[in-house]
Amino acid sequence: MNTPCYTIHLDIFEKNCREVMDAFEEAWGGRVEYGYSVKTNHDAGLMKYAHAKLGWFIETVSPDELELAFNLGFDAENIIFNGPCKCSRQDALINAIRGGAYVNLDNLDDVSFVCRHVSDVRDASRIGIRVNYNLEAECPGETTAGESVSRFGIDVENKDFARAVDMLRSAGIEPAGLHMHTSTRSRSAAVFTSLARKAAQLVNDYGLKLHFVDMGGGYFGGQKVEGKPSMEQYAQVITRELKKALNPEMTTLILEPGASVIATSVTYETSVLSVRDIRGTKIVTMDGTLLHVNPFMAHRNQPYSTSLIADYDARPVDEHQIICGCTCMENDRFADEHSVRRLEPGDVLSFRFAGAYTMAFNSNFIVNPAEVNYEF
Ligand SMILES: Cc1ncc(COP(=O)(O)O)c(C=O)c1O
């Protein structure tokens with residue numbers, strides 16, 4: 001094995017995806033579609049697997065992601081196009097709507113663009129509006145934006161949502177979908193209850209005849225952790241609220257799970273390059289970097305496994321050891337350890353759950369992205 005490297009476990013990925021599919025198809029009882037979140041991990045192998053093996057759409061949040069999907073051979077009709085900067089590349093937006101992609105309009109500029117290009121809209125049943133409302137007020141402390149406002153979607157409270165509906169209707173397009181994606185810190189069932197309830201309320205308030213409702217991503221998944229909802233619980237609360245206003249036979253439920261299906265599907269391996277002593281502390285330098293598994297370098301001890309080191313349990317114990325990455329940055333540190341067994345050059349450490357928002361952030365800053373292997 002060449003290190004540093006990511007190993008993508010396609011069997012785990014598929015199991016995680018099927019968990020989502022089984023839970024939601026059972027609970028909704030109508031058509032359910034899924035978008036593979038390119039933002040979470042843009043690995044071409046994963047994108048192709050999600051589509052070819054599982055029938056998932058490719059969910060993109062920028063013109064560049066859309067272009068990547070086109071370059072990999074995905075047709076527009078197998079793509080969901082989201083995100084706040086669609087109008088930065090009008091050709092991309094036109095190709096998406098002409099080709100029949102699901103397009104969720106994120107702001108009034110998107111809406112106005114679509115209204116001006118009505119003749120390009122191949123399938124109006126795939127044009128949706130991304131919703132912004134005060135979720136933080138309903139679930140205090142849970143949203144990522146916190147007490148500030150979320151920057152995505154079209155505000156319901158200041159009447160921009162009403163304007164968007166009117167603009168589309170005046171242009172002869174009936175809004176066909178709602179996009180509810182909102183990032184939260186908690187990923188709680190209460191958040192999804194609120195999001196689905198808001199979607200149902202908008203359907204009633206605006207007399208919407210929805211072809212689809214897209215609940216976005218933001219679920220917890222791939223592992224069972226006490227206090228975190230299961231996929232079945234998410235499916236239950238979402239479908240219960242949606243069914244108050246929508247008929248599953250008429251409306252497709254769309255989900256865009258990212259971290260919940262990708263995080264646990266990838267492990268990252270890195271080898272010890274050297275060990276030095278600095279005033280009694282062992283500095284262990286790896287051939288990989290924290291940037292590969294924790295790209296924002298959030299301050300935490302990154303959990304790892306030593307199971308690939310055959311004689312690890314027979315090694316002497318070091319009082320203090322800092323496991324560092326190979327880049328020339330002081331804070332490139334995986335873990336700060338006390339009373340752990342000695343590491344030696346050539347030892348391989350394995351970091352689990354390295355699939356979400358890791359590889360997608362890799363750049364050529366100081367070191368190149370790590371190599372990728374696939375395991376079935
Ligand atoms: C529009 C959209 N859909 C889906 C996702 C995937 O979210 P997560 O990885 O939290 O499931 C994201 C990421 O924030 C997103 O922006």
Side-chain angles (χ1 to χ4, degrees), residues 13 16-17 19-21 23-24 32-43 46-47 50 54 56-66 68-69 79-86 93 96 101-107 110 126-132 135 139 142-146 150-154 177-189 191-192 195-196 199 212-223 225 228-231 233-235 238 253-266 294-296 298 353-361:
F13 174 65
N16 291 344
C17 293
E19 238 168 69
V20 179
M21 296 163 81
F24 279 89
V32 189
E33 300 284 9
Y34 311 87
Y36 173 85
S37 168
V38 177
K39 166 187 172 186
T40 308
N41 190 321
H42 58 223
D43 178 75
L46 273 169
M47 290 166 67
L54 304 167
W56 286 31
F57 282 74
I58 300 302
E59 191 261 326
T60 60
V61 293
S62 69
D64 289 336
E65 284 191 358
L66 180 71
L68 170 68
I79 290 174
I80 302 171
F81 189 25
N82 291 325
C85 58
K86 296 186 196 74
L93 184 46
Y102 279 104
V103 178
N104 288 310
L105 308 175
D106 177 78
N107 49 63
D110 280 0
R126 288 189 162 197
I127 303 285
I129 302 175
R130 180 158 177 184
V131 174
N132 184 318
L135 174 61
C139 301
E142 296 196 46
T143 65
T144 310
S150 165
R151 52 180 283 241
F152 302 111
I154 298 184
L178 293 178
H179 185 214
M180 305 304 297
H181 176 80
T182 311
S183 296
T184 63
R185 301 167 212 267
S186 61
R187 300 177 181 260
S188 73
V191 157
F192 285 94
L195 290 168
F212 70 94
V213 57
D214 183 338
M215 294 304 298
Y219 316 95
F220 189 82
Q223 52 175 322
V225 171
K228 295 289 180 193
S230 64
M231 264 317 147
Q233 283 167 319
Y234 287 125
I238 288 173
L253 172 59
I254 301 180
L255 306 159
E256 303 169 348
S260 56
V261 294
I262 303 168
T264 62
S265 313
V266 180
N294 176 357
F296 294 122
F353 305 167
Y357 308 104
T358 49
M359 299 161 66
F361 278 102

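The basis for the numbers below is simple: all heavy atoms, side chains too, and nothing from hydrogens, waters or symmetry mates. As the structure lists them, so they are numbered: ligands from 1, and atoms in each ligand from 1.
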Can the ring centroids of Phe361 and Phe296 be said to lie less than 6.0 angstrom from one another? yes

Whether the side chain of Asn132 engages the backbone of Ser150 through a donor-acceptor N/O pair (distance < 3.5 Å, no angle test) should be reported. yes

Any donor-acceptor pair under 3.5 Å linking the side chain of Tyr234 with the backbone of Phe220? yes

Among Arg187, Glu59, Lys39, Met215, which one puts a heavy atom closest to atom 14 (O) of ligand 1? Lys39

Restricting to heavy atoms, the pick from Tyr357, Tyr219, Tyr36 nearest atom 6 (C) of ligand 1 would be Tyr357

Between Tyr102 and Arg126, is there a cation-pi geometry (under 6.0 Å to ring centre, at most 45° from the normal)? yes

Examine Gly216 against ligand 1 and note whether any of their N/O atoms are separated by less than 3.5 Å. no

Does the N or O separation between Pro257 and ligand 1 drop below 3.5 Å for any pair? no

Of all the heavy-atom pairs spanning [X] and [Y], show the shortest one and how long it is.
X: Ser37; Y: Ile262; value: O-CD1, 4.2 Å
X: Ile238; Y: Tyr219; value: CD1-CE2, 3.9 Å
X: Val20; Y: Tyr34; value: CG1-CE2, 4.1 Å

Nearest non-hydrogen protein atom to atom 3 (N) of ligand 1, with distance, is Glu256 OE1, 2.7 Å

Which residue owns the protein heavy atom closest to atom 5 (C) of ligand 1, what's the atom, and how far is it? His181 CE1, 3.5 Å

I'd like to check which ligand 1 atoms, numbered from 1 as shown, lie under 4.0 Å from a non-hydrogen atom of [X].
X: Gly217; value: 4 (C), 7 (O), 11 (O)
X: Ala259; value: 8 (P), 9 (O), 11 (O)
X: Ser37; value: 5 (C), 6 (C)
X: Thr40; value: 6 (C), 9 (O)
X: Ser183; value: 14 (O)

Test Val191 against Thr182 for side chain to side chain contact (heavy atoms under 4.5 Å, CB included), laying out the working first. CA-CA 9 Å; Val191 157; Thr182 311; 5.9 Å; no

